Amino acid sequence: MKFAPLNEQMDVIKRGVSEIIPEDELVRKIEKSIKTNKQLIVKLGCDPSRPDLHLGHSVVLRKLRQFQDLGHLAILIVGDFTGMIGDPSGKSKTRPSLSLEETRKNGESYFDQAKKVLSDKNIKMIYNSDWLGKMSFADVIKLTSKYTVSQMLEREDFHTRFNKEEPISLHEFLYPLAQAMDSVAIESDVELGGTDQKFNLLVGRSIQREFGKEAQVILTMPILPGTDGIEKMSKSLDNYIGISDSPREMFGKTLSIPDKLMYDFFLLATNVPNSELTELKTEIANNPRDTKRRLAREIVTLYHSQEAAIASEEEFDRIFVKKDVPDVIEEMQYSTTGSSVNILQLLTETNLAPSKGEARRLIEQGGISINNEKISDAKSEILMNEPKIIKVGKRKFLKVIPG
RNA sequence: GGGUAGGUAGCGAAGUGGUUAAACGCAACAGACUGUAAAUCUGUCGCCCUCGGGCUUCGGAGGUUCGAAUCCUUCCCUACCCA
């Protein structure tokens, strides 16, 4: 294995990063790796409770990919053990804790999606129940003795929740320590994470030292904002662009981001070369419309293909500019007893509307059309003699096939 | 164990016996507009039938009352203070 020179490696590694702590230690680790011809162990923890990956996750995964391409070893740690305990933080009703089997399954699905970003070379996936599951209560007590309550409360979210008199479950304090044990177990040289992970990553450093290991360097990436431009990208806020989204969805969602986010998306979520980045800033200012379309194409190309990118752009124009129908529409078999069916019944039975009241409202507001004809009467009877295309709102389509 | 403050629709938050299906904000949804699924504006936002209603909601259970989210009993949950 031949590693690239230090400067080249650092140029790649530093793109888009928020912090490297401490940077000089990373330099030393890389120098040593070049000299001894040994790959660095780069760790990324993944949460198996939410296995749907989106562009936000991709930021850190892409960084991991860059380490892989530089010849280093990526270790993905699936938190199956921690997932099993379940995390009731926040107000959400006791989140059901997953069984080991479920976390494993989610881990697999995480891995499948992550493979769209990662290389299949220089990679290892490990479950943390391998070592956490073997710890005795005495081991846990020993571990917890190495960290104090005040130190824990330094973490911002604990701190604010504590001050707002919101509940903090005791086991939540154990998560950073468990994560730190992962670093001890695999002897990571570098751990990646979002800036929101900084605290946990730093705990890893001190616990590694406590266990007589060399401390890992931590590398944090900025949090990618969601399509709303305000909150961080997340599935629960529905402001995400999923790695497994269809080209059409990816394209549309990308166009809907606020203009001021474009640069960050180019920087953190695409392969646009470093040399083009400065130029892009002026492009964004001068021609936001076309630049955003390019961004959308870049993203679709990354997860699907160039052809898909071009097709999704064409389709976008067809649906939203020409207000036409997409060429691929979801289909559903639908059978009725009579030859026709009431529109409200049709909408609820096809799950296009959750209730008849909602369906009625959609009709009143002019949001329903069938075969391009607006339905304005909730009493309409729809003749079910041939396939019909139902349109709900601007972008929900369903082809109903009688039978 | 004792005390105090709380638990209201997806979230935040009003409401302390009777036009309260429950103000307001956010989110969501529809329409208009737009380079956009952005922003803005308008409307909607428990369920069922209808334009007049019917039914089910305010942590859980029970009770008082012609009538309760609002009063009482009891249980569960959260935070804080004291031990």
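Just so you know, these numbers come straight off a predicted model, no measurement behind them. A note on names: the letters A, B, ... follow the listed sequences, proteins ahead of strands, and every chain is numbered from 1.
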What's the [atom1]-[atom2] distance between [X] and [N], to the nearest Å?
| X | N | atom1 | atom2 | result |
| --- | --- | --- | --- | --- |
| A/L352 | B/A30 | CG | P | 12 Å |
| A/E231 | B/C11 | CD | P | 16 Å |
| A/R360 | B/C29 | CZ | C1' | 17 Å |
| A/K391 | B/A30 | NZ | P | 11 Å |
| A/D377 | B/U50 | CG | P | 11 Å |
| A/D317 | B/G35 | CG | P | 12 Å |
| A/N239 | B/C29 | CG | P | 12 Å |
| A/K164 | B/A5 | NZ | C1' | 18 Å |

Of A/L362 and A/G357, whose closest RNA chain B nucleotide lies nearer the 5' terminus?
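The residue closer to the strand's 5' end, by nearest nucleotide, is A/L362.
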
Compare all side-chain heavy atoms of [X] with those of [Y] and state whether any distance is below 4.5 angstrom.
| X | Y | result |
| --- | --- | --- |
| A/I126 | A/W131 | yes |
| A/F265 | A/L224 | yes |
| A/D228 | A/L237 | no |

Considering every strand shown, what is the Watson-Crick or G-U wobble mate of [N] when both distances are under 3.5 Å?
| N | answer |
| --- | --- |
| B/C55 | B/G46 |
| B/U73 | B/A61 |
| B/A9 | none |
| B/G18 | B/C66 |
| B/A27 | none |

Using the [atom1] atom in both, what is the distance from [N] to [M], to the nearest Å?
| N | M | atom1 | value |
| --- | --- | --- | --- |
| B/C72 | B/U65 | C1' | 12 Å |
| B/C26 | B/C41 | P | 10 Å |
| B/G54 | B/G10 | P | 25 Å |
| B/C47 | B/A23 | P | 15 Å |
| B/G2 | B/A9 | C1' | 36 Å |
| B/C24 | B/G43 | P | 12 Å |
| B/A21 | B/U56 | C1' | 10 Å |
| B/C33 | B/G18 | C1' | 45 Å |

Anything under 30° is parallel, anything over 60° is perpendicular, the rest tilted; go ahead and classify A/Y240 against A/H54.
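A/Y240 vs A/H54 ring planes: tilted.
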
Checking side-chain contact (heavy atoms from CB on, under 4.5 Å) between A/F251 and each of A/E313, A/E314, A/E315, A/H304, which is the one that passes?
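Answer after filtering A/E313, A/E314, A/E315, A/H304: A/E313.
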
Atom NZ of residue position A/K32 - does it have more than 12 heavy atoms of other residues, nucleotides or ligands inside 6.0 Å?
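Counting neighbours around NZ of A/K32, 12 or fewer heavy atoms of other residues, nucleotides or ligands fall under 6.0 Å, so no.
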
Going by heavy atoms closer than 4.0 Å, what residues in residues 279-294 of chain A are next to RNA chain B?
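Result for residues 279-294 of chain A: A/R289, A/K292, sorted by number.
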
Distance-minimising heavy-atom pair for A/G366 and A/K374:
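Minimum heavy-atom separation between A/G366 and A/K374: O-CE, 3.6 Å.
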
Would you name the heavy atoms of A/L383 and A/K388 that are closest together and state the gap between them?
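It is O-NZ, 2.9 Å.
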
Relative to A/F320, does A/K394 satisfy both conditions: NZ or CZ under 6.0 angstrom from the six-membered ring centre, and within 45 degrees of the ring's axis?
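The answer is no, since A/K394 fails at least one limit relative to A/F320.
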
Counting the atoms with a prime plus P, OP1 and OP2 as sugar-phosphate, which does A/D259 contact under 4.0 Å by heavy atoms, base, sugar-phosphate, or nothing?
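Base contact.
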
side-chain N/O A/K356 vs B/C47 OP1/OP2, d < 4.0 Å
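For A/K356, the contact criterion (side-chain N or O under 4.0 Å from OP1 or OP2 of B/C47) is not met.
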
Checking A/F173 against A/F158 for the ring-ring contact (aromatic ring centres under 6.0 Å, His included) test, could you report, in this order, the C-alpha distance in whole Å, the side-chain angles of both residues, the deciding distance, and whether it holds?
CA-CA 9 Å; A/F173 280 174; A/F158 284 151; 5.0 Å; yes

B/S/- contact track for nucleotides 37-46 of chain B, protein heavy atom under 4.0 Å
BS----BSS-

I need the A/D47 CG to A/D80 CG distance, nearest 0.5 Å.
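A/D47 atom CG to A/D80 atom CG measures 11.5 Å (nearest 0.5 Å).
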
